[in-house]
Structures are given as structure tokens and as C-alpha cells.
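Please read through the structure below; I'll follow up with questions.
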Amino acid sequence: MQALRLARPRAPLRPYARSLTATASGHASAAASASSSSSAVIPLSNVEAQWEQLSPDEQLAVHQQLEEVQKKDWNSLSVDEKKAAYYVAFGPHGPRRPDNPPGTGPKIFLATVAGIAVAGVLFAAIRSQAPPPPKTISKEWEEASNQRALEQKANPITGISSEGYSGKGFVTHK
Amino acid sequence: MRAQLVASLLRARRAPVARRVLAPAFVRYSSTHHEETFESFTERYVTFFQQAQDLFELQRGLNNCFAHDLVPAPSVIEAALRAARRVNDYATAVRIFEGIKEKVENTQQYQAYLDELKPVREELGINVREELYQS
């Protein structure tokens with residue numbers, strides 16, 4: 001409703017201009033015909049598509065055209081005229097434009113999925129180019145490290161060479 | 001000394017009386033506003049919309065009417081629709097039904113409003129938004 005109130009103050013401009021021209025009675029009919037010819041340029045059936053592109057003067061002309069249309073019996077209005085009246089007053093333009101146009105949700109979801117997929121491909125590609133792991137990361141090497149530590153009695157109080165030690169020592173592989 | 005005794009007796013006897021009288025005086029009623037009933041609300045807005053003479057007044061009344069924690073009665077809606085007809089604004093008439101749709105709890109209630117107001121809609125030639133945009 002707010003936009004209608006914002007839009008309406010433009011409308012009184014025309015009656016003011018009309019009263020000015022009415023004093024010079026010779027120009028009154030010319031002004032009236034000019035306004036009717038300019039408003040006839042914009043078909044009401046297509047207002048929804050081109051409303052954003054219309055200049056303020058053309059929008060004012062449409063407003064006035066619709067005001068006249070709505071004074072008629074509403075049963076006699078066409079659906080296009082009704083839709084135009086509704087769209088101009090309460091349609092999704094100006095302050096009522098939605099923050100996110102329809103279809104934004106799926107777009108964001110697909111873009112997120114695509115981003116994750118690209119990251120996965122990049123990860124796999126870099127991993128495939130990597131050198132093999134060092135020879136010390138293997139079960140045999142770790143068990144040999146355990147034996148050597150026991151030979152040398154390494155860490156005899158709490159560690160691998162202590163009495164009753166139950167840990168795995170250097171073995172990290174299952 | 002006798003007078004003192006009498007006075008003390010009197011005081012002892014009067015004290016509960018005084019407390020009983022004083023106690024209600026300390027009760028403070030926090031609000032003097034009365035609760036408006038749904039019927040008086042309906043009557044108030046029906047007369048408001050019957051007297052609304054321009055679009056601003058109609059839309060101001062609609063904003064106020066739909067701001068309460070209730071759905072306006074069909075008689076209020078009818079008065080508002082006739083006010084919209086009087087000020088020659090078709091879009092507001094359509095918007096009133098959108099407001100009802102926002103306010104009701106479920107689609108059955110909305111359908112009940114549409115059925116109740118069907119005679120007025122057909123008389124004035126009002127299509128609701130779903131009808132306008134169904135195709």
C-alpha cells in the first residue's frame with residue numbers, strides 16, 4: 001500500500017496543469033487531446049512487462065488512464081485492465097520488489113553443489129600428482145623401530161622399555 | 001491513668017478496623033481502558049468504512065483494521081469493499097482479499113470468507129488475485 005501512496009502524489013500534477021490550461025480556454029481541448037493521445041500509446045495489456053522501462057511521464061499517463069478505467073463498472077473491465085490496475089498499485093516493483101527474484105533458491109543450491117564438486121576434483125587432481133609417501137611410513141619400518149628402541153632400552157621408566165608396557169610404541173599402522 | 005487505659009483499649013480495638021478500611025485504598029488499578037469486544041470493533045470499522053471518502057482514508061483504515069490480532073468480520077470487509085468501489089480503486093479491493101488471506105489461519109477459513117463474500121464480489125466485479133493470475 002505504501003507504494004500506491006508514494007505514487008499517487010504525482011497524479012495531482014495533471015489536474016493542476018489542466019486548471020492552468022482551462023484559464024486559457026483555447027488550449028484546453030488541445031491539452032486534453034494531447035494527453036489522450038499520449039496515454040493511448042501505452043496498451044494496458046502489456047503494462048506488467050514494460051512498467052519498469054516506462055518514463056515517469058508515461059507511468060503518470062498509465063496512472064491516469066487506469067483511474068479513468070476504474071471509475072467504470074468493474075464488471076465491465078477486462079482481465080487485462082484489472083491486472084494492470086492491480087500491478088501498478090501493488091505489483092512487485094519499486095519498494096515492493098522482492099529482495100530475491102523467484103528461482104534464487106535453486107540457483108544458490110546448484111552453485112554450492114558445483115563449488116563443492118570443483119573443490120573435490122581439484123583435491124583429487126593434486127593428490128594424483130603427489131610423490132609417494134616416505135619409506136619410514138610403513139608397518140615394517142615402525143616395528144623395526146620398536147625393536148631398536150627395545151635394544152637400546154629407550155625410555156625405561158614410562159615408555160617402551162618399561163616393565164608391563166602395553167602400548168604400541170612406534171607402530172601407528174593397524 | 002484511666003484515660004490512658006481507655007485510650008489504649010480503644011486503640012487496640014480500632015486498629016483492625018483501620019487496617020480493613022485502609023487496605024483497599026492501596027489497590028491501584030493499572031489501567032482504566034475497557035476491553036473492546038469483537039462486536040463493537042466490527043461496528044466501529046463498519047461505520048468508519050461507510051464514512052471513508054477518499055483512498056488514503058480507506059487504506060489508513062485498512063492498515064489499522066488488519067493490524068489487530070483478529071480477522072475482521074465479513075461485514076467489515078463488505079463495508080471496505082464498498083468503500084473501495086466508492087473511491088474507484090479496484091486494486092485496493094483485490095488487496096483486501098490478500099489481507100484476509102494473510103490473516104486467516106488456514107485455507108478453509110479463507111475459502112469460507114470467499115464464499116461468504118461471493119455476492120458482493122459478483123455484484124462489484126472483484127476478482128481475487130488468484131483468479132487474476134491463474135492463467
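A, B, ... follow the sequence lines: proteins, then strands. Residue 1 opens every chain.
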pair A:Glu67-B:Asn88: side-chain heavy atoms closer than 4.5 Å:
no
Heavy-atom pair with the smallest gap, counting every atom of A:Ala85 and B:Ala91
O-CB, 3.5 Å
Determine whether A:Val79 and B:Leu132 make a side-chain contact, defined as any pair of heavy atoms from C-beta on separated by less than 4.5 Å.
yes
Apply side chain to side chain contact (heavy atoms under 4.5 Å, CB included) to B:Ala93 and list each qualifying residue two or more places apart in sequence or on a separate chain.
A:Trp74, B:Leu81, B:Ala84, B:Ile126
Need one label for A:Glu48: side chain, backbone, both or neither, based on atoms under 4.5 Å from any heavy atom in chain B.
side chain
Same cluster or not: B:Leu70 versus B:Val76, using hydrophobic residues (I, L, V, M, F, W, Y) connected whenever any side-chain heavy atoms lie under 4.5 Å apart?
yes
Where at least one partner belongs to residues 118-141 of chain A, residue pairs that pass salt bridge (Lys or Arg N to Asp or Glu O under 4.0 Å), sequence neighbours excluded:
none
Quick one: OH on A:Tyr86 to CZ on B:Arg95, what's the gap to the nearest 0.5 Å?
4.5 Å
Around A:Arg148, counting heavy atoms of other residues, nucleotides and ligands shown, do more than 12 lie under 6.0 Å from its CZ?
no
Would you say A:Leu150 and A:Trp141 are hydrophobically clustered, going by side-chain heavy atoms of ILVMFWY under 4.5 Å?
no
Examine whether an atom of B:Arg85 lies under 4.5 Å from a heavy atom of chain A, and if so say whether it belongs to the side chain, the backbone or both; otherwise answer neither.
both
Nearest 0.5 Å please: distance from the NZ atom of A:Lys82 over to the CD atom of B:Glu131.
8.5 Å
Count the heavy atoms of every other residue, nucleotide or ligand shown that sit under 6.0 Å from CD of A:Gln53, and state whether that count exceeds 12.
yes
I need the contact set between residues 117-125 of chain B and chain A: heavy-atom distance under 4.5 Å, sorted by residue number.
B:Glu122, B:Glu123, B:Leu124, B:Gly125
CD/B:Glu102: more than 12 non-hydrogen atoms of other groups inside 6.0 Å:
no
Is there a path from B:Val128 to B:Tyr133 through hydrophobic residues (I, L, V, M, F, W, Y) whose side chains come within less than 4.5 Å of each other?
yes
Please output the side-chain donor-acceptor pairs of residues 99-114 of chain A that fall under 3.5 Å, not counting sequence neighbours, one pair per line with the distance.
from     : atom 1 : to       : atom 2 : distance (Å)
A:Thr104 : OG1    : A:Pro101 : O      : 2.4
A:Thr112 : OG1    : A:Ile108 : O      : 2.7

